[in-house]
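Within every chain, numbering begins at 1; the chains are lettered A, B, ... in the order of the sequence lines, protein sequences first and strands thereafter.
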Protein chains: 2
Amino acid sequence: MTTRWLTPEEQRAWRAYIAASLLLEDAIDRQLQQDAGMPHLYYSILSVLSESPERRLRMTDLAERLKITRSRLTYAVTRLEKDGMVRREACRHDKRGSIAALTDDGFAVLDRAAPGHVETVRSFLFDRLSKEQVGQLEEISTAIAQGLQEDGTRPASDDVPWRRRSSTACS
Amino acid sequence: MTTRWLTPEEQRAWRAYIAASLLLEDAIDRQLQQDAGMPHLYYSILSVLSESPERRLRMTDLAERLKITRSRLTYAVTRLEKDGMVRREACRHDKRGSIAALTDDGFAVLDRAAPGHVETVRSFLFDRLSKEQVGQLEEISTAIAQGLQEDGTRPASDDVPWRRRSSTACS
DNA sequence: TAGGTTTGTTTCAAACTTGAACCAAGCCTT
DNA sequence: AAGGCTTGGTTCAAGTTTGAAACAAACCTA
């Protein structure tokens, strides 16, 4: 079967997307490294934990939410634990399980860093987009993410499904 | 000044975007690692070189095109050179300069890998989007990238204009 | 209920990235 | 034409990511 090459429009979109995502992640990483001493992913871990029931989550659930591998998460949490932002706890119901819990220190750091982070996201992303574009971005992103999660996904965990709670920090 | 927190719409868009970009880069990296033995960035280096005059480009120009640091590029090119995909050449006009040139082997690898790569991009991205959405994605991405490049607040420095003069691949 | 499979997590080595420090060559200015 | 700044590129150490392998606990199923 012959390759369906990208059309010029697709090629432009693809290149623009690659450039934008690289630059944006870079800018955000730099800002957070500067102001919170950690890269974006690590901040996101704190953020997700802060919004979870009792500010704690099982490793697998956390990895699933963040769309990263368990291995990567293990490394990150180990660092965050060393820094006192997170504490590991045993899981009563399942002795294999490990739970990551946000410490008060971790929460404080998150709290302090959140405004700067939001400001960065805003100034580099949302300030550049119209209201319609924000909607479009969500739809596009959702479509892509959905497609990518359809088949190879990990088994769904039994407890703690998606639950929204109010919080100041965005991941 | 009080923080301008993200609206619910913005928060949804931001989270969807983060998830999508992580998953997409991941999928593409995995496919290319599998089929071409290199991550996406490395493939992109070959790709950019292949489209450049005489299939060669100065390191700085290459880094600029790819939106990555010189340091990162140096490492990548060193690996690619070790693998015989790229050759470093001296620059006549500027003895500081170093030129990365795509080898025939490198071109061959690119050629073999391209169809699979395009198919992956297509199936995970463009097959999920309408024609309008492709256009929207380009506009959104361009807006973001532009903002990030024009903004002087980025590379650790003070005065260097982000836009660099490009030197034609000399020689 | 023993044995095999699956699931949750960590470990390990190799690969990659980061940012600052460095070096050499070009570009002033005087 | 010397001193001093800037630019192009690499190097180095520390940090991060990857993927496969290792482990242990839970879950079958005969």
Side-chain angles (χ1 to χ4, degrees), chain A residues 22 25-34 37-45 57-64 66-83 88-100 152-159, chain B residues 22 25-34 37-45 57-64 66-83 88-100 154-161 164-167 169-170:
Chain A
L22 262 173
E25 247 316 83
D26 235 47
I28 288 175
D29 266 336
R30 192 158 16 254
Q31 184 268 322
L32 281 171
Q33 192 70 57
Q34 186 84 342
M38 63 184 77
H40 187 198
L41 174 65
Y42 292 58
Y43 176 91
S44 297
I45 291 174
L57 222 44
R58 284 189 64 159
M59 293 295 279
T60 294
D61 296 329
L62 195 43
E64 162 64 16
L66 293 164
K67 313 306 181 204
I68 62 174
T69 62
R70 273 94 134 246
S71 167
R72 189 177 178 185
L73 180 61
T74 292
Y75 179 89
V77 165
T78 301
R79 196 262 233 196
L80 289 171
E81 193 174 25
K82 218 161 275 170
D83 293 349
R88 269 188 174 90
E89 296 174 356
C91 178
R92 287 197 201 86
H93 307 313
D94 185 342
K95 277 168 187 161
R96 291 168 302 182
S98 177
I99 292 180
T153 38
R154 303 167 223 297
S157 47
D158 30 9
D159 57 344
Chain B
L22 262 174
E25 248 315 83
D26 237 47
I28 288 175
D29 265 336
R30 199 163 11 257
Q31 184 268 320
L32 280 172
Q33 193 69 57
Q34 187 83 344
M38 63 184 77
H40 187 197
L41 173 65
Y42 292 57
Y43 177 92
S44 297
I45 291 174
L57 224 43
R58 284 189 65 157
M59 293 295 279
T60 295
D61 295 330
L62 195 44
E64 160 64 15
L66 294 164
K67 313 305 181 204
I68 62 174
T69 63
R70 273 94 129 259
S71 166
R72 190 177 178 185
L73 180 61
T74 292
Y75 179 89
V77 165
T78 301
R79 197 264 232 194
L80 289 172
E81 193 173 27
K82 217 160 277 171
D83 293 349
R88 270 187 174 91
E89 295 175 355
C91 178
R92 286 201 198 86
H93 307 314
D94 185 343
K95 276 169 189 162
R96 293 167 302 182
S98 177
I99 291 179
R154 287 253 322 171
S157 65
D158 4 59
D159 50 348
V160 180
R164 286 181 197 154
R165 43 221 154 270
S166 90
S167 52
C170 63

Pick out the pairs of N or O atoms, protein on one side and nucleotides 25-27 of chain C on the other, that lie under 3.5 Å.
{"from": "C/dG26", "atom 1": "OP1", "to": "B/Lys95", "atom 2": "N", "distance (Å)": "3.0"}

Distances for protein N or O near nucleotides 11-13 of chain D N or O, under 3.5 Å:
{"from": "D/dT11", "atom 1": "O4", "to": "B/Ser71", "atom 2": "OG", "distance (Å)": "3.4"}

Checking A/Leu66 against A/Arg72 for the side-chain contact (heavy atoms from CB on, under 4.5 Å) test, could you report, in this order, the C-alpha distance in whole Å, the side-chain angles of both residues, the deciding distance, and whether it holds? CA-CA 11 Å; A/Leu66 293 164; A/Arg72 189 177 178 185; over 6 Å; no
What pairs with B/Gln31 under side-chain hydrogen bond (donor to acceptor under 3.5 Å, both in side chains), at least two apart in sequence or on another chain? B/Asp35, B/Thr120
For B/Gln31 and D/dT18, what is the distance between atoms CD and C1' respectively, to the nearest whole Å? 17 Å
For the pair made of CD in A/Glu64 and P in C/dT7, what is the distance, rounded to whole Å? 14 Å
Lys/Arg-Asp/Glu bridge criterion (N-O < 4.0 Å) met for A/Lys67, B/Asp26: no
For B/Arg79 and B/Pro39, the nearest pair of non-hydrogen atoms, with its separation, is NH2-CD, 4.0 Å
With sequence neighbours excluded, tell me which residues meet side-chain hydrogen bond (donor to acceptor under 3.5 Å, both in side chains) with A/Glu81. A/Arg88
Step by step, would you call B/Leu73 with B/Ile45 a side-chain contact (heavy atoms from CB on, under 4.5 Å)? CA-CA 9 Å; B/Leu73 180 61; B/Ile45 291 174; 3.7 Å; yes
I need the minimum non-hydrogen distance between A/Asp29 and A/His40, along with the two atoms involved. OD1-N, 2.7 Å
Nearest-nucleotide check on DNA chain C, B/Gln33 vs A/Met59; residue mapping nearer the 5' end is A/Met59
Give, for atom CD1 of B/Ile28 and atom CG of B/Leu41, the distance between the pair rounded to the nearest 0.5 Å. 12.5 Å
Find the distance between CD (A/Glu64) and CZ (A/Arg58) and round it off to the nearest 0.5 Å. 13.5 Å
Taking atom P of D/dG8 as reference, at what distance in whole Å does atom CG of B/Leu73 sit? 13 Å
Please tell me which of A/Ile99 and B/Thr69 maps to the more 5' nucleotide of DNA chain C, matching each residue to the nucleotide holding its nearest heavy atom. A/Ile99
To the nearest angstrom, how far is B/Met38 atom CE from C/dC16 atom P? 10 Å
Whole angstrom value for the distance that separates P of D/dT7 from CG of B/Asp61: 14 Å
From OH of A/Tyr42 over to P of C/dT18, roughly how many Å is that when rounded to an integer? 13 Å
Please find the pair of heavy atoms, one from A/Tyr43 and one from A/Met38, that lie closest to each other, and give the distance. N-SD, 3.7 Å
State whether the number of non-hydrogen atoms from other residues, nucleotides or ligands found under 6.0 Å of B/Gln34 atom CD is greater than 12. no
Whole-Å distance between D/dG15 P and A/Arg72 CZ? 17 Å
In degrees rounded to 10°, what angle is found between the helical axes fit to the five outermost pairs at each end of the helix from C/dT1-D/dA30 to C/dT30-D/dA1? 20°
Whole-Å gap separating P (D/dT16) and CZ (A/Arg30): 16 Å
Test side-chain contact (heavy atoms from CB on, under 4.5 Å) applied to A/Ala100 - qualifying residues, sequence neighbours left out: A/Leu49, A/Met59, A/Leu62, A/Val86
Can you tell me if the side-chain N/O atoms of A/Arg79 get under 4.0 Å from OP1 or OP2 in D/dT16? yes
Can you tell me if the side-chain N/O atoms of B/Arg58 get under 4.0 Å from OP1 or OP2 in D/dG9? yes
